[in-house]
Structure formats: structure tokens, C-alpha cells
2 protein chains.
Amino acid sequence: MIKKEEMPLCDVATTVQLIGSKWKTLIIRDLITGPKRNSELHRSLAGVSQKVLTASLTSMIEDGLVERIDFEKVPPHIEYQLTPLGESLLPVIEAMRKWGQFYKEQDLRR
Amino acid sequence: MIKKEEMPLCDVATTVQLIGSKWKTLIIRDLITGPKRNSELHRSLAGVSQKVLTASLTSMIEDGLVERIDFEKVPPHIEYQLTPLGESLLPVIEAMRKWGQFYKEQDLRR
DNA sequence: CAGAATCCTTCAGGATACTG
DNA sequence: CAGTATCCTGAAGGATTCTG
């Protein structure tokens, strides 16, 4: 018998686990257009708290999706950019974007 | 039951909100192969509680992704199947599946 | 068989203030 | 500017029992 914690996740679940949280897909979407600073993300992701933004970025760095670039300046200048692995998510994001748009159109017709 | 008075979400976030919860994508994946009964889903989604399964299905029915078919029998025979809208999620699920597989391969090479 | 009812735990997310 | 450090709340998820 396999414990739940050890239960192998299917490929779909792996993806959900990595980018399924509230803000991660939006962060990736923002980073697709190029590296961004903390303050830029905080502005474009209207509504995210600083804590959650940091936590999301840290988690994505650990997962190898995002890279943190420290320009070693004072005052601090740090940028976040997608790794090649992060960029490989583009088809997923795009599929989700297209479907979300499609769904909203369906919703209007009810 | 449906809270639609939230701030406008981008298309990507719409999709995440609809299928981003822990079990929904897995339910859809299971239903892609045809209608399933409650007990079948409860078995194939190893680890899900009855409450969460019901809640997920109810939510997906409200969102128009899943249809509940009552055969009006005793003992009860009820099946859940994807609506056309639910089936339209196939490309998203497939993109996530492919990427999840890709990610796990990357992970092994580190 | 399907799933409603109950009670409980966890934690993602949020608000705010502070620091190098 | 780029974060920590706290404290807090609600929602998601879970375990178990009961019922038509």
C-alpha cells in the first residue's frame, strides 16, 4: 500500500502543483515579455501581497522555472527572468489563455 | 453559490480558477475516457475524500464542465460526464500532461 | 450506491510594519 | 529597492458517520 504522500503524481498533477497556485501562472505570463524587477511585478500583478510574491518567486526558483539575477548594486537591483524550463511552459500558458477566453465567451451566452 | 463578484481575472487566471484545484484536472482526465460513476471516480482518484469529490463535481457542474446523469434507479445509478465545454479542455490537459512529463525528465537529469 | 452532515486541520494568501 | 517578520483569516481539503 502506497502512502498518500508517496503517491506518484500523474504528469497533469505535476504541472498543477508547480504552476497551479493563484499567482504563478500570472508571474510567468509577465516574465514572458522579459526580465522584471520585484517592484514591477508587484505593480503588474495588481493585488498580490509582497509576502506572496516573494514566496511564489522563491518556490519557482527552487523548481527551476525562474532565475534571480542580482546586479550587486546599492540600492539593490534584482531581476527575475524565466529559465529555459520556465519558457517551455509557454504552450501550457497559451492553451490556458485561449481556453479561458473561450470559456468567458460561452459564459456570456447563458 | 457561485461568487462572480470578484475582480476581473485575465484569461489564464480564469482557467486556473476553474480547474486549478487539487483534483479537478484529474477528474477531467478520468472523464475523458467516458462517463464515470461516483464510486469509480472515488477509486481511480486515489486519496480523494468523498466530500471533496462531491464538492469538486458540484462546482464543475455549476461551471458547465460536467453533467450529472441520474438513471433514476434503485439502488441509485448516477454518472458524470464531460459536457462539450468540458471536452474543450482537452488541449489544456494535454499541454499540462506533456509539460509535466517533460519536467520530470528534466528533474531526473539534475 | 450516492452523497449529505459534521467536525477538524492545514496552509495559501493577505495586511502591516520593519530593515539592510 | 528588495525584501523579512509577524500575525491573522478563510477556504480547501480530510476523516468519519449517517441516510434514502
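Every chain is numbered from 1 and lettered A, B, ... according to where its sequence line falls, protein lines coming before strand lines.
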(request) Find the distance A:Gln17:CD to D:dG13:C1' and express it as a whole number of Å. (result) 14 Å
(request) In whole angstrom, give the distance that lies between atom CD1 of B:Ile27 and atom P of D:dA12. (result) 14 Å
(message) For residues B:Val66 and B:Ile69: do they belong to one hydrophobic cluster (side chain heavy atoms under 4.5 Å, members Ile, Leu, Val, Met, Phe, Trp, Tyr)?
(response) no
(message) I'd like to know if A:Asp11 pairs up with B:Lys98 as an ion pair, taking the criterion as any Lys NZ or Arg NE/NH1/NH2 lying under 4.0 Å from an Asp or Glu carboxylate oxygen.
(response) no
(request) Please tell me which of A:Pro76 and A:Gly20 maps to the more 5' nucleotide of DNA chain C, matching each residue to the nucleotide holding its nearest heavy atom. (result) A:Gly20
(message) As a test of reading the structure: which of D:dC1, D:dG13, D:dG3 is closest to the side chain of A:Arg37, going by heavy atoms?
(response) D:dC1
(request) For A:Thr25 and A:Lys22, run side-chain hydrogen bond (donor to acceptor under 3.5 Å, both in side chains): C-alpha distance rounded to whole Å, both residues' side-chain angles, the deciding distance at 0.1 Å, then the answer. (result) CA-CA 7 Å; A:Thr25 48; A:Lys22 188 169 177 181; over 6 Å; no
(message) Does this structure show an ion pair linking B:Arg37 with B:Glu40, if we count only N-O contacts that are shorter than 4.0 Å?
(response) no
(request) Would you grab the first and last nucleotide of DNA chain C (5' to 3') that comes under 4.0 Å of any non-hydrogen atom in chain B? (result) C:dC1 to C:dC7
(request) Quickly work out the A:Leu41 CG to D:dG3 P distance and round it to whole Å. (result) 10 Å
(message) So, does A:Tyr80 get its side chain near the phosphate of D:dC1, meaning an N or O under 4.0 Å from OP1 or OP2?
(response) no
(message) If I take atom CG in residue B:Leu53 and atom C1' in nucleotide D:dA15, what distance separates them, rounded to the nearest angstrom?
(response) 15 Å
(message) At 4.0 Å (heavy atoms only), tell me whether B:Lys73 reaches a base, stays on the sugar-phosphate, or touches nothing.
(response) nothing
(message) Please classify the nucleic acid contact of A:Ser49 as base, sugar-phosphate, or nothing, using heavy-atom distances under 4.0 Å.
(response) base
(request) Walk me through it: do B:Glu87 and B:Thr83 pass the test side-chain hydrogen bond (donor to acceptor under 3.5 Å, both in side chains)? (result) CA-CA 6 Å; B:Glu87 284 177 358; B:Thr83 62; over 6 Å; no
(request) Rounded off to whole Å, could you give me the NE2-to-P distance for the B:His42 and D:dG14 pair? (result) 10 Å
(request) May I ask you to verify if any side-chain N or O of A:Lys51 is less than 4.0 angstrom from the OP1 or OP2 atom of D:dC7? (result) no
(message) Ignoring hydrogens, what is the shortest heavy-atom contact between B:Lys24 and B:Ser59? Give both atom names and the distance.
(response) NZ-OG, 2.7 Å
(message) By the definition side chain to side chain contact (heavy atoms under 4.5 Å, CB included), identify the one residue from A:Val92, A:Leu90, A:Leu82 that meets it with A:Ile28.
(response) A:Leu82
